[in-house]
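Input: a single structure, listed below in structure tokens.
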There are 2 protein chains.
Amino acid sequence: MPLKADLDAIDWKILRELQADGRMTNVELSNRVGISAPPCLRRVKRLEEAGIIRGYRALLNAPALGLDVVAFCLIGLHHQADAELRTFAERTRGWPIVRDAWMVSGESDFLLHCVASDLGAFQTFVIEELTSTPNVDTVRTALTIRRIKDEGLVSFAQP
Amino acid sequence: MPLKADLDAIDWKILRELQADGRMTNVELSNRVGISAPPCLRRVKRLEEAGIIRGYRALLNAPALGLDVVAFCLIGLHHQADAELRTFAERTRGWPIVRDAWMVSGESDFLLHCVASDLGAFQTFVIEELTSTPNVDTVRTALTIRRIKDEGLVSFAQP
DNA sequence: GGCAACACGCAAGAATCTTGCGTGATTTTG
DNA sequence: CAAAATCACGCAAGATTCTTGCGTGTTGCC
């Protein structure tokens with residue numbers, strides 16, 4: 001189960017390339033990182049089995065699919081005991097509009113990344129679902145105007 | 001250049017499957033959506049060329065890579081003229097700590113999704129970069145405690 | 001110095017990708 | 001309404017890629 005310390009320069013290159021293009025063939029990947037295909041594939045599988053690569057995902061174009069509203073919601077609860085946090089977290093998993101969600105510390109307790117077909121659908125969600133959920137205190141929303149940066153979770157500026 | 005209206009049930013299945021596993025082989029994908037491999041591959045390419053599939057990305061495990069801090073920053077500027085918004089947007093692209101960034105409307109002007117190796121690195125970024133950037137008025141941060149939902153951008157609950 | 005552990009690259013068989021082509025269904029057109 | 005055109009499907013075959021086993025060279029550790 002390798003961790004960060006076990007990764008060498010080639011592993012980092014693999015991670016960078018697959019974060020940029022997760023569907024690259026192994027042959028192409030092996031050329032880019034400078035080793036032959038078999039050891040390259042073995043490294044990728046090792047990274048997958050170690051959980052360093054959590055999976056692969058196609059990135060979809062929401063507007064082209066009729067999803068014109070992307071927004072973030074900051075949620076504050078009345079009571080933040082463990083049971084209440086878990087209850088709200090569980091509820092977010094049942095809302096299709098919520099795509100990613102984080103429990104956070106600071107002025108709010110949760111941050112929700114939401115996608116909806118239009119403003120009406122989003123407002124309906126906020127009013128009829130979010131604010132009417134028990135224990136929800138504050139809801140602040142930020143409608144996105146446009147995405148200005150979109151890279152993978154991990155930066156490769158330094159290594 | 002197909003749009004939403006041109007997509008049939010099989011296309012939606014393809015999108016769902018590739019959003020869940022972007023590295024699935026075309027043979028496996030074709031089995032799951034119920035057609036043979038050649039037309040399935042043709043559909044995928046059509047979706048890619050139409051920009052509906054924007055790309056593919058490996059999802060990496062930040063903590064395993066020594067990145068223990070994931071946070072969001074809400075930024076308010078003093079002046080929100082177009083030139084100033086563009087200037088700030090451009091600056092976010094030069095910060096490796098900032099992974100995704102959105103221009104938003106509401107109480108803040110920008111939302112930054114940040115990843116850092118530790119709290120010190122993040123605080124250094126906030127103090128020495130963010131707050132010292134010209135035209136930055138307010139900076140509110142939300143440190144993430146844990147991710148409670150992590151799905152692709154597009155929901156497939158309805159179609 | 002010798003041994004064990006490890007990762008590499010080669011090679012071959014299996015699987016997948018990719019293209020061309022014929023068929024059938026649906027839509028358009030006369 | 002019929003004929004033609006369009007479209008997407010599935011089959012088949014060659015090209016590419018994946019996958020595994022194996023031998024070799026290097027590294028680290030007695």
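Since we're looking at a predicted model, the values are computed, not measured.
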Keeping the roles fixed (side chain from [X], backbone from [Y]), state whether a donor-acceptor pair exists under 3.5 Å.
X      : Y       : answer
R32(B) : I14(B)  : no
R23(B) : M24(A)  : yes
R93(A) : I148(B) : yes
N31(A) : E28(A)  : no

Which residues pass the side-chain hydrogen bond (donor to acceptor under 3.5 Å, both in side chains) test with [X], not counting sequence neighbours?
X       : value
S108(B) : R140(B)
R42(A)  : none
D100(A) : none

> So which of residues 20-34 of chain B are in contact with DNA chain D, with a heavy-atom cut-off of under 4.0 Å?
Replying inline: none
>> Using side-chain heavy atoms (C-beta onward) and a distance below 4.5 Å, is R57(B) in contact with L153(A)?
In response: no
Using atom [atom1] of [X] as one end and atom [atom2] of [N] as the other, report the distance to the nearest whole Å.
X      : N       : atom1 : atom2 : result
D11(A) : dC8(C)  : CG    : C1'   : 14 Å
K45(B) : dC17(C) : NZ    : P     : 11 Å
L41(A) : dC8(C)  : CG    : P     : 12 Å
I10(A) : dC6(C)  : CD1   : C1'   : 14 Å

> Contact boundaries of DNA chain D with chain A (under 4.0 Å, heavy atoms), 5' to 3'?
Replying inline: dT17(D) to dG21(D)
>> Roughly what angle, to 10°, lies between the helix axis at the start of the helix from dG1(C)-dC30(D) to dG30(C)-dC1(D) and the one at its end, five pairs per end?
In response: 30°
> Atom NZ of K45(B) and atom CG of L41(B): how far apart are they, to the nearest 0.5 Å?
Replying inline: 5.0 Å
> Relative to each other, are the rings of F88(B) and F110(B) parallel, tilted or perpendicular (30° and 60° limits)?
Replying inline: tilted
>> Between D109(A) and Q80(A), do the side chains contain a donor N or O and an acceptor N or O under 3.5 Å apart?
In response: yes
>> Students often get this wrong, so: under 4.0 angstrom with heavy atoms, is R42(B) touching a base, only sugar-phosphate, or nothing?
In response: base
